[in-house]
Engineer: 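Here it is: the structure, laid out below.
The figures that follow rest on heavy atoms only: side chains count, while hydrogens, waters and symmetry mates do not.
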Amino acid sequence: MSSATKADKKASLDAAAWMFNVVTSVGIIIVNKALMATYGFSFATTLTGMHFGTTTILTAFLRWMGYIQTSHLPWPELLRFVLFANFSIVGMNVSLMWNSVGFYQIAKLSMIPVSCFLEVVLDKVRYSRDTKLSIVVVLLGVAVCTVTDVSVNTKGFIAAFIAVWSTAIQQYYVHYLQRKYSLGSFNLLGHTAPAQAASLLLVGPFVDYWLTSKRVDAYNFGLASVFFLVLSCSIAVGTNLSQFICIGRFTAVSFQVLGHMKTILVLILGFIFFGKEGLNWHVILGMVIAIVGMVWYGNASSKPGGKERRSLSMPKAQKHAGLPESTDSDEKV
């Protein structure tokens, strides 16, 4: 197979992975909005536990059918991953409750610089000037169209700080574990989903009661709410899988930067389906700026020197764990 054909195939697979992630992520946001706003199922942490429970069932079935090969992930690595992932989920929910919507959005935007910091320190990644500027443009655009009121309080800041760092570390860890142990997306999900499901279903009802003063066991389940609950869990399998696929194929920073396309799509779909009262010139301007930044980032980071790793962050002794050796002094990411 020629290098041009390989490049075309990779580009097609990359585009399909991004489309898969965008469609499932936007879909689950819309379904969850209906489930929570229309049917009053406000138990976000417990719902996430149900999502991972559904993912666990699917991965177990696929392993039984022989579509997923047996793989190894050490317990200490799994526990660290689950710890960061669960702090991320709970931290985001608490941050949304304790902070204004504006500060919550700023906290989410700060994940990109934090992810960049982790890649620079842990993976020795170098960014070109154009790549750095494109990231700034994306941040500016999303901030213009999403950030409104901004008020800060001490406990809200602490919750946001924990949420941002745990999310950035968890997303970095997805890429790290896949490289270190040669794990595919479904393999990694097969290891992490059961542990996350068990821990979130155990603590989720208590966290949700603390956040909402409502008990999940007292919720009045109806036919419509159960339908949306099943639909949410089904779409979540695709969302979880597509996140691992995208971070595995790219990096946490690229996932965050281009992932803001989902923010723009959610805003557009919200205006289409739920009215246009929030649509004004500065929101449209922010969308345009963000999209320009994303296109610029994709172009800048794909050029030689746009985003490179000098050497793999893992020591030579770990190459036997499945990490291929780099044949170049600089590795493109």
Side-chain angles (χ1 to χ4, degrees), residues 3-4 6-19 21-22 105-147 164-165 167-180 243-264 285-314 323-333:
S3 59
K6 287 182 179 179
D8 290 341
K9 184 178 180 181
K10 182 182 183 303
S12 299
L13 291 174
D14 288 349
W18 277 118
M19 186 59 66
N21 181 254
V22 168
Q105 290 294 345
I106 289 176
K108 286 179 67 177
L109 289 175
S110 68
M111 288 180 199
I112 294 179
V114 171
S115 295
C116 288
F117 173 80
L118 291 175
E119 287 191 358
V120 169
V121 172
L122 300 178
D123 281 351
K124 305 298 185 289
V125 169
R126 297 177 302 179
Y127 295 93
S128 68
R129 186 192 63 173
D130 279 2
T131 304
K132 293 173 186 175
L133 289 175
S134 66
I135 291 174
V136 172
V137 171
V138 172
L139 293 174
L140 175 64
V142 177
V144 167
C145 62
T146 61
V147 177
V164 167
W165 277 91
T167 301
I169 294 172
Q170 180 257 341
Q171 291 184 355
Y172 171 84
Y173 223 50
V174 169
H175 191 71
Y176 169 83
L177 292 176
Q178 289 192 34
R179 286 192 297 121
K180 181 177 180 181
Q243 183 192 45
F244 280 28
I245 290 173
C246 287
I247 296 177
R249 292 187 69 86
F250 311 104
T251 62
V253 173
S254 295
F255 180 75
Q256 284 285 344
V257 172
L258 300 180
H260 279 299
M261 178 59 72
K262 293 176 286 189
T263 305
I264 305 301
L285 176 64
M287 290 180 181
V288 172
I289 294 172
I291 291 171
V292 169
M294 290 172 204
V295 174
W296 188 9
Y297 174 83
N299 182 263
S301 62
S302 63
K303 289 181 178 178
K307 185 181 177 185
E308 291 180 336
R309 184 187 294 117
R310 284 188 180 179
S311 60
L312 292 171
S313 59
M314 284 157 280
L323 183 66
E325 293 188 36
S326 176
T327 54
D328 302 311
S329 58
D330 282 351
E331 183 190 354
K332 189 76 189 299
V333 238

Engineer: Could you tell me the separation between the CG atom of Leu133 and the CZ atom of Arg129, rounded to the nearest 0.5 Å?
Structural biologist: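 Interatomic distance, Leu133 CG to Arg129 CZ, rounded to 0.5 Å: 6.0 Å.
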Engineer: Could you work out, with side-chain hydrogen bond (donor to acceptor under 3.5 Å, both in side chains) as the rule, every residue matching Ser134, not counting sequence neighbours?
Structural biologist: none
Engineer: Working to the nearest 0.5 angstrom, can you tell me the gap between Thr131 OG1 and Trp296 CH2?
Structural biologist: 9.0 Å
Engineer: Do any side-chain atoms of residues 110-117 form donor-acceptor pairs under 3.5 angstrom with protein atoms, and if so which ones, sequence neighbours left out?
Structural biologist:
unit_1, atom_1, unit_2, atom_2, d
Ser110, OG, Ala107, O, 2.6
Ser115, OG, Met111, O, 2.9

Engineer: Which pair of heavy atoms, one from Glu119 and one from Tyr127, lies closest together, and at what distance?
Structural biologist: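 Heavy atoms of Glu119 and Tyr127 come nearest at OE1-OH, 2.7 Å.
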Engineer: If you compare all heavy atoms of Leu109 against all heavy atoms of Leu139, which two are closest, and at what distance to 0.1 Å?
Structural biologist: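 Between these two residues, the closest heavy atoms are O-CD2, 3.4 Å.
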Engineer: Could you note down all residue pairs passing salt bridge (charged side-chain N to carboxylate O under 4.0 Å, His left out) where residues 243-257 supplies at least one of them, sequence neighbours left out?
Structural biologist: Asp14-Arg249
Engineer: So how far is it from Leu118 CG to His175 NE2, rounded to the nearest 0.5 Å?
Structural biologist: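 Taking CG in Leu118 and NE2 in His175, the distance rounds to 12.5 Å.
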Engineer: Would you say Val253 and Ile135 make side-chain contact, with heavy atoms under 4.5 Å?
Structural biologist: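 Side chain of Val253 against side chain of Ile135, heavy atoms only: contact under 4.5 Å found.
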Engineer: Just jot down the side-chain hydrogen bond (donor to acceptor under 3.5 Å, both in side chains) partners of Tyr173, sequence neighbours excluded, or say none.
Structural biologist: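 Residues passing side-chain hydrogen bond (donor to acceptor under 3.5 Å, both in side chains) with Tyr173: Glu77, Arg80.
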Engineer: Working to the nearest 0.5 angstrom, can you tell me the gap between Trp165 CH2 and Tyr172 OH?
Structural biologist: 12.5 Å
Engineer: Has Gln178 got a side-chain atom pairing as donor or acceptor with Phe244's backbone, closer than 3.5 angstrom?
Structural biologist: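 Yes, the answer is positive, given that a donor and an acceptor are paired below the 3.5 Å cut-off.
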Engineer: Sequence neighbours left out, what pairs pass salt bridge (charged side-chain N to carboxylate O under 4.0 Å, His left out) with at least one residue falling in residues 289-302?
Structural biologist: none
Engineer: Name all residues meeting the side-chain contact (heavy atoms from CB on, under 4.5 Å) criterion together with Asn299; count only those two or more places apart in sequence or in a different chain, and write none if there are none.
Structural biologist: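 With sequence neighbours excluded, Asn299 shows a side-chain contact (heavy atoms from CB on, under 4.5 Å) to Lys303, given in chain and number order.
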Engineer: Between atom CG of Leu140 and atom CG of Leu285, what is the distance when rounded to the nearest 0.5 Å?
Structural biologist: 8.0 Å
Engineer: Indicate yes or no: at least one non-hydrogen side-chain atom of Asn21 is less than 4.5 angstrom from one of Phe255.
Structural biologist: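 The answer is yes; the side chains approach within 4.5 Å.
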Engineer: Starting at CD of Gln171, measure out to SG of Cys246 and round the result to the nearest 0.5 Å.
Structural biologist: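 Separation between the atoms: 11.0 Å.
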